[in-house]
Amino acid sequence: MSDAAGPAVGIDLGTTYSVLAHVDNTGRPWTISNAEGEAITPSAVFFDRDQVIVGKPAVKAAEFEPARVAQFVKRQMGESYYGTPIGGRSFPPEVLQALVLRKLCDDACLRLNPFTKAVITVPAYFNEPRRRATQDAGHLAGLEVLDIINEPTAAALAFGVQQGFLTRSGESPQPETLLVYDLGGGTFDVTLMEIDGPQYRTLATAGDVHLGGMDWDQRLIDRVAERFLAQFGVDPRQDEQAMARLHWEVIEAKHALSARNVVTLQFAWDGHRMRSTVSREQFESLTGELLDRTLLTLRRVLKESGRTWNQVTRLLLVGGATRMAMVQQMLHRETGLEPDRSLAADEAVAHGAAIYAALLTQSDHPQYRGVSVRNVNSHDLGVLAIESQTGMRRRQVLIPRNSPLPAVGVCDFVTQRDGQSNVRVNVIEGGDVTGAHATPIGKCVVAKLPPNLPARSRVRVSFDYSASGLLNVGAALPGTGRHAAITIRRTSNLDEDALTAWQDAIQRGELLDKGDLIEPHADASKTAGESDSSEEGVSPSGPASAAEDAKLQAFLQGNISAR
Ligand code: ADP
Ligand code: MG
């Protein structure tokens with residue numbers, strides 16, 4: 001049992017708010033409020049002169065010292081750095097997220113036995129680098145990350161167990177098909193999933209990591225600012241402090257519009273004062289286009305799942321922004337279903353993560369026996385190759401999007417020269433057939449090939465996409481019984497040395513001192529197509545005859561398999 005080593009917690013590391021929950025010994029999940037007594041903690045980090053402050057005071061500080069505050073960092077997970085340097089230093093997003101995690105855990109330690117084990121949630125639509133960065137944020141915070149779990153899956157667990165359409169052991173007495181619509185502060189996620197007995201299966205998922213409540217805020221901000229400009233001839237949008245204040249006002253107005261039909265907004269700047277009345281109808285027409293974007297995604301997910309709305313048994317609303325009346329009405333119109341809003345929209349995900357953490361640490365507990373979760377990958381995973389005839393880039397998909405996980409993709413390459421010592425493969429996610437708009441994940445380098453290997457030796461690279469959506473790569477030399485060492489040099493995430501250095505800095509609380517912090521890997525700025533002169537390309541990324549290329553193509557496709 002986990003209790004000897006402290007409890008395992010579930011953490012919803014959100015774009016705007018984060019929540020920590022844990023399951024008590026009766027199996028019930030609870031939100032653990034922060035030191036200020038609040039259930040949800042703003043995911044904002046303020047670098048004050050001598051300390052780092054996370055949460056509401058950090059959001060407040062943004063009003064006066066926006067340049068020292070990091071917010072909405074989740075949107076940049078998977079990138080090398082958070083948008084703007086703070087105090088002269090560029091921070092990787094995972095470091096900033098680690099500081100949010102530390103605050104949640106330090107506060108929770110006031111109420112729980114000390115713990116290190118946690119499950120952290122990610123949007124189902126998060127790609128591999130964003131998942132990896134989330135896991136690294138957990139390590140940086142000193143946590144043992146038991147697993148990362150998709151937010152809709154966590155929500156389904158929470159609703160199901162607490163609403164009783166799942167048994168207390170998380171099993172469904174009859175098959176359920178759930179639609180989880182999650183509109184948070186900065187991300188949107190929609191997932192169709194099936195629960196049959198103890199099996200959780202994601203049917204399809206899609207989303208937008210750049211769409212959330214803050215986009216609704218922005219529409220209101222623009223409306224107020226334009227009116228202000230029209231009335232007084234000055235535009236408050238040029239003043240960062242004024243904008244932070246206006247943002248607060250707008251958020252309050254938006255929340256009030258979920259309960260009332262009309263609100264009045266007051267805003268003063270540059271010696272002028274303005275009162276502005278906004279009706280729900282006006283708000284809805286200002287933001288209708290944003291809602292339509294979620295509707296298109298919703299329809300796409302239904303189509304890809306091969307289901308119809310009347311096969312869907314439940315509609316779960318997750319994310320604070322689903323409190324807006326327009327969201328509920330649109331969903332009802334589209335699906336004919338009555339939304340289940342029985343759990344607090346902003347806490348359900350953390351509760352599900354806590355249930356999942358209990359499930360992982362207490363699998364001997366009769367209550368949790370047998371539940372299994374099956375996810376799909378949300379983006380095509382492939383390699384980038386150069387077509388020898390045309391010299392054009394093309395993408396070779398190894399694990400297509402929405403494949404059940406875990407999945408394995410195998411890809412054979414041939415060496416080009418006698419005695420070639422290494423092989424380099426560019427791994428990408430998403431994008432189109434030419435590889436455009438793809439996210440470069442990294443460069444796999446198969447190094448130390450055995451000496452004297454003849455040209456055209458086969459090197460088999462396998463991509464293993466784990467159940468939680470993380471990628472591991474392996475390499476073998478088929479028919480020789482020999483193996484090769486493989487490393488993945490990630491395009492953006494932190495390498496081991498950088499992780500250790502940042503972890504020390506976080507522990508010592510020395511984040512703004514100049515000194516010994518290691519910058520991310522020098523490759524960070526490179527695209528997937530570039531190469532180091534010390535590494536050699538391989539067919540199909542190197543020159544090969546057309547026939548060879550065609551053969552390889554067949555080879556690649558013939559070997560794609562899902563476990
Ligand atoms: P995330 O998981 O992305 O951090 P949350 O699920 O906590 O986000 O949702 C935060 C968003 O929900 C914010 O944009 C917030 O303004 C919005 N929100 C919260 N309560 C309401 C409400 N009553 N009406 C409208 N929007 C709300
Ligand atoms: Mg959320």
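Atoms within each ligand, like the ligands themselves, are counted from 1 in listed order.
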Heteroatom proximity flag, Arg323 to ligand 1, N/O under 3.5 Å: yes
Atom 24 (N) of ligand 1: the protein heavy-atom neighbour that sits closest, reported with distance to 0.1 Å: Ser258 OG, 2.6 Å
Glu36 and its salt bridge (Lys or Arg N to Asp or Glu O under 4.0 Å) partner, picked from Lys103, Lys56, Lys60: Lys103
Closest protein heavy atom (residue, atom, distance) for atom 10 (C) of ligand 1: Thr16 OG1, 3.4 Å
Nearest candidate to atom 26 (N) of ligand 1, where distance is taken over non-hydrogen atoms, out of His255, Glu347, Met326: His255
Electrostatic pair Arg28-Asp24, nearest N-O below 4.0 angstrom: no
Option from Val19, Leu20, Val9 for which side-chain contact (heavy atoms from CB on, under 4.5 Å) with Leu104 holds: Leu20
Whether Gly212 lies under 4.0 Å from ligand 1, heavy atom: no
Partner of Arg293 by side-chain contact (heavy atoms from CB on, under 4.5 Å), out of Leu296, Thr297, Leu290: Leu290
Full working for side-chain contact (heavy atoms from CB on, under 4.5 Å) between Thr335 and Val312: CA-CA 9 Å; Thr335 67; Val312 177; over 6 Å; no
Asn150 and Arg131 side chains, donor-acceptor separation under 3.5 Å: yes
Trp309 atom CH2, over 12 foreign heavy atoms within 6.0 Å: yes
Distance from atom 14 (O) of ligand 1 to nearest protein heavy atom, with residue and atom: Lys254 NZ, 3.2 Å
Atoms in ligand 1 flagged as close to Gly319, the criterion being non-hydrogen separation under 4.0 Å: 6 (O)
Ligand 1 to Ala321 polar contact by distance, N or O atoms, under 3.5 Å: yes
Close-contact set for ligand 1 against Gly213 heavy atoms, below 4.0 Å: 14 (O)
Atoms of ligand 1, numbered as shown, that sit under 4.0 Å from any heavy atom of Met324: 25 (C)
What pairs of donor and acceptor atoms, side-chain ones from residues 223-230 against any protein atom, are under 3.5 angstrom apart with sequence neighbours left out?
| residue | atom | partner | partner atom | Å |
| --- | --- | --- | --- | --- |
| Arg223 | NH2 | Thr277 | O | 3.0 |
| Glu226 | OE2 | Arg237 | NH1 | 3.4 |

Distance from atom 2 (O) of ligand 1 to nearest protein heavy atom, with residue and atom: Gly14 CA, 4.0 Å
N or O contact, Thr187 vs ligand 1, cut-off under 3.5 Å: no
Which of the ligand 1 atoms, numbered from 1, are nearer than 4.0 Å to a heavy atom of Gly186: 3 (O)
Subset of ligand 1 atoms that lie under 4.0 Å from at least one heavy atom of Asp346: 7 (O)
Asn34 (side chain) donor-acceptor with Gly37 (main chain) under 3.5 angstrom: yes
Check: Tyr17 N/O within less than 3.5 Å of ligand 1 N/O: yes
Backbone or side-chain N or O of Gly185 under 3.5 Å from ligand 1 N or O: yes
Over all atoms of both residues, closest heavy-atom pair of Ala35 and Arg111: CA-NH2, 4.1 Å
Top protein contact for atom 6 (O) of ligand 1, by heavy-atom distance: Gly320 N, 2.9 Å
N or O contact, Gly184 vs ligand 1, cut-off under 3.5 Å: no
Gln71 and Val59, any side-chain heavy atoms less than 4.5 Å apart: yes
Lys/Arg cation over aromatic Phe283: Arg280, 6.0 Å, 45° cone: no
Atoms in ligand 1 flagged as close to Thr15, the criterion being non-hydrogen separation under 4.0 Å: 1 (P), 3 (O), 4 (O)
